[in-house]
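Within every chain, numbering begins at 1; the chains are lettered A, B, ... in the order of the sequence lines, protein sequences first and strands thereafter.
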Protein chains: 2
Amino acid sequence: MTKEEKDTEELIFDAACRVFQRKGYDGARMQEIADEADINKSMLHYYYRSKDKLFQKVYQREMSRFFPVIFGVLDSDMPIDEKVEQLIETYYTFLDKNPKIVQFLFHEMNKNPERLKEFIDKQGIHPPKKLMRQLNEEAQEGKMDKVKPKQFLTSIVGLILFPFYSQAMIRGIFDLNEDEFAEYLKERKDFLLNFILNGINYKRQ
Amino acid sequence: MTKEEKDTEELIFDAACRVFQRKGYDGARMQEIADEADINKSMLHYYYRSKDKLFQKVYQREMSRFFPVIFGVLDSDMPIDEKVEQLIETYYTFLDKNPKIVQFLFHEMNKNPERLKEFIDKQGIHPPKKLMRQLNEEAQEGKMDKVKPKQFLTSIVGLILFPFYSQAMIRGIFDLNEDEFAEYLKERKDFLLNFILNGINYKRQ
DNA sequence: TCATAATTCAACCATTTGGTTGACTACAGG
DNA sequence: CCTGTAGTCAACCAAATGGTTGAATTATGA
């Protein structure tokens, strides 16, 4: 086996990631995953026991890819404006390659909050305290308005994620083809940075 | 039959709305809808022929409830700041009563963009031209920054909708119980108005 | 080389699920 | 009072779907 070829287990997993992201847990079919991996359906059960177990792994892996993207940047040592800029950049790079992940994860998180809670606890995910302290400090220094950290944080993330979550609607209403939507996404990066920093009256150095 | 009682057809439809919103098309079961309506499963087919036909009607009705909420306000005659304020108010009132509708509709829209397109065409839904013209005018007059209307519009809507489709995540990460989340939603209304108007440097009269 | 373990697959199996049938009931109109 | 129509339901049905099995094949390593 050369390094290029993936072994069966990995082949299945990759196919499962794609199919679950396209269809969600309920819409996904074991046969479809098998077909996508070009492999016999029994293999799925040989390596992963059940649809549920397989899904669990996919869910876990996608969550593990998604969450650090936020927190890695937010709890670093940077002034707010750079954080926001970096967050936008990091997110868009990631989401460009994984446009379906937002729709997928939010659907599954809402469908099963207990599983989400379990993941959060196991991974030791916490609100970004550093950012929250920083928001208060920089407001005290007069560099920006005083804002509620939860509101600010959910606003940034919401602004970034919304186009991916609502892609069908945006494209439908504005009648955008694939290229035009990509153009919209591209120009959004600049727009967002300005909009967000203005939103809290941030005075850039 | 008194006016209080609903007839079977309506009973089924209401139950279907609830179940489809909770579970989505794929996750919903005809039997579950029947149980929710406290009625024999055959009745569903008697009145609506098939799961697909029933779903179509539910989808249509929820879309028809959701879309006018945006466009009614946006294409009215008001200065931008009032529009934004009104939009936030209208949305939150509506979503308070229909918290599941966002998750439901966006999932189904993304799963089937063709059906969405069909709905948009049939209902004659267009981008809010009046707002777009107004944004240019008020920027010209120096009342606000010049912004790309598509970016602005998707930002407002994204900011408003995010808490509803990411409810599980927000509650999970910040460890909020139902009341605390309601409190977060309540304080968000004021935050958003400020944040959005600042975001485009809007000078209020 | 040969026994053992890991892997692959076609054929099955049991349950779930959307959908149908035909008998039964309630009732409106003649 | 009879008849036809709309509505209701328990029992069924066929297809889909997650999952199992056992035989065959392919590594593995002693």
Side-chain angles (χ1 to χ4, degrees), chain A residues 1-62 100 104 107-108 111-112 114-115, chain B residues 1-62 100 104 107-108 111-112 114-115:
Chain A
M1 185 180 75
T2 69
K3 275 199 176 166
E4 312 310 307
E5 310 177 49
K6 302 192 168 188
D7 59 10
T8 306
E9 192 168 347
E10 207 171 341
L11 233 56
I12 292 172
F13 191 70
D14 291 350
C17 285
R18 291 194 297 274
V19 173
F20 277 131
Q21 284 195 53
R22 277 206 303 270
K23 303 290 187 76
Y25 179 86
D26 291 321
R29 297 285 160 259
M30 294 299 267
Q31 188 59 58
E32 186 179 353
I33 295 174
D35 291 346
E36 177 103 11
D38 198 24
I39 242 167
N40 189 285
K41 181 163 71 87
S42 304
M43 291 291 91
L44 307 194
H45 293 94
Y46 179 75
Y47 285 106
Y48 295 95
R49 303 279 306 279
S50 71
K51 183 182 183 183
D52 215 72
K53 293 255 192 357
L54 176 56
F55 175 78
Q56 219 74 245
K57 299 233 162 140
V58 170
Y59 177 80
Q60 212 114 331
R61 116 115 185 202
E62 298 301 340
K100 296 251 170 68
F104 168 67
H107 183 69
E108 301 299 341
K111 232 186 54 187
N112 196 339
E114 299 75 39
R115 179 167 47 210
Chain B
M1 188 180 74
T2 70
K3 275 201 176 165
E4 313 310 306
E5 311 176 51
K6 299 190 168 186
D7 59 11
T8 305
E9 190 167 347
E10 206 171 340
L11 234 55
I12 292 172
F13 191 70
D14 290 350
C17 285
R18 290 194 298 275
V19 173
F20 278 131
Q21 283 194 53
R22 277 206 304 268
K23 304 290 185 74
Y25 179 85
D26 292 321
R29 296 287 159 257
M30 292 300 267
Q31 188 59 59
E32 186 178 353
I33 296 173
D35 291 347
E36 177 102 10
D38 199 24
I39 240 165
N40 189 285
K41 183 163 71 85
S42 305
M43 291 292 90
L44 306 196
H45 292 95
Y46 180 75
Y47 286 105
Y48 295 95
R49 303 278 306 279
S50 70
K51 183 183 183 184
D52 216 74
K53 292 256 191 358
L54 177 54
F55 175 78
Q56 220 72 245
K57 297 233 163 138
V58 170
Y59 177 81
Q60 211 112 336
R61 118 115 184 201
E62 298 301 339
K100 297 252 170 68
F104 168 67
H107 183 69
E108 300 299 342
K111 233 187 53 188
N112 196 337
E114 298 76 38
R115 179 165 49 211

Please find the pair of heavy atoms, one from B:Leu44 and one from B:Ala34, that lie closest to each other, and give the distance. CD1-N, 4.1 Å

Is the A:Phe104 ring parallel, tilted or perpendicular to the A:Phe55 ring (thresholds 30°, 60°)? perpendicular

Where do A:Ser42 and A:Asn40 land on the side chain to side chain donor-acceptor pair (under 3.5 Å) test, with the steps shown first? CA-CA 5 Å; A:Ser42 304; A:Asn40 189 285; 3.1 Å; yes

At under 4.0 Å, does any side-chain N or O of B:Tyr46 touch on OP1 or OP2 of D:dC9? no

Taking the side chain as every heavy atom from C-beta outward, state whether A:Lys111 and A:Glu108 have any atom pair closer than 4.5 Å. yes

Is any side-chain nitrogen or oxygen of A:Tyr48 closer than 4.0 Å to OP1 or OP2 of D:dG19? no

From CA spacing to verdict: side-chain contact (heavy atoms from CB on, under 4.5 Å), B:Met43, B:Tyr48: CA-CA 8 Å; B:Met43 291 292 90; B:Tyr48 295 95; over 6 Å; no

Taking atom P of C:dT25 as reference, at what distance in whole Å does atom CG of B:Asn40 sit? 15 Å

note: A:Lys53, atom NZ; D:dG19, atom P; distance rounded to Å ~ 9 Å

Separation of atom NE2 in B:His45 from atom P in D:dA11, rounded to whole Å: 19 Å

Tell me whether the OP1 or OP2 atom of C:dG18 has a side-chain N or O from B:Arg29 closer than 4.0 Å. yes

Would you say a side-chain N or O of A:Ser42 is under 4.0 Å from OP1 or OP2 of D:dT20? no

Euclidean distance, atom CE of residue B:Met30 to atom P of C:dG18 [Å, nearest integer]: 7 Å

Name the nucleic acid region contacted by A:Met43, choosing base, sugar-phosphate or nothing; use a 4.0 angstrom heavy-atom cut-off, strictly under. base

Touch check for B:Ala28, heavy atoms < 4.0 angstrom, all strands: base, sugar-phosphate only, or nothing? sugar-phosphate

Roughly, in whole Å, what's the span from CG in A:Asp26 to P in D:dT17? 12 Å

Indicate, yes or no, whether a donor-acceptor pair under 3.5 Å links the base of C:dG19 to the side chain of B:Lys41. yes

Without decimals, in angstroms, what is the distance between A:Glu10 CD and C:dT7 P? 14 Å

Report the distance from atom CD of B:Gln31 to atom P of C:dT17, rounded to the nearest whole Å. 10 Å

Separation of atom OH in A:Tyr47 from atom P in D:dG19, rounded to whole Å: 18 Å

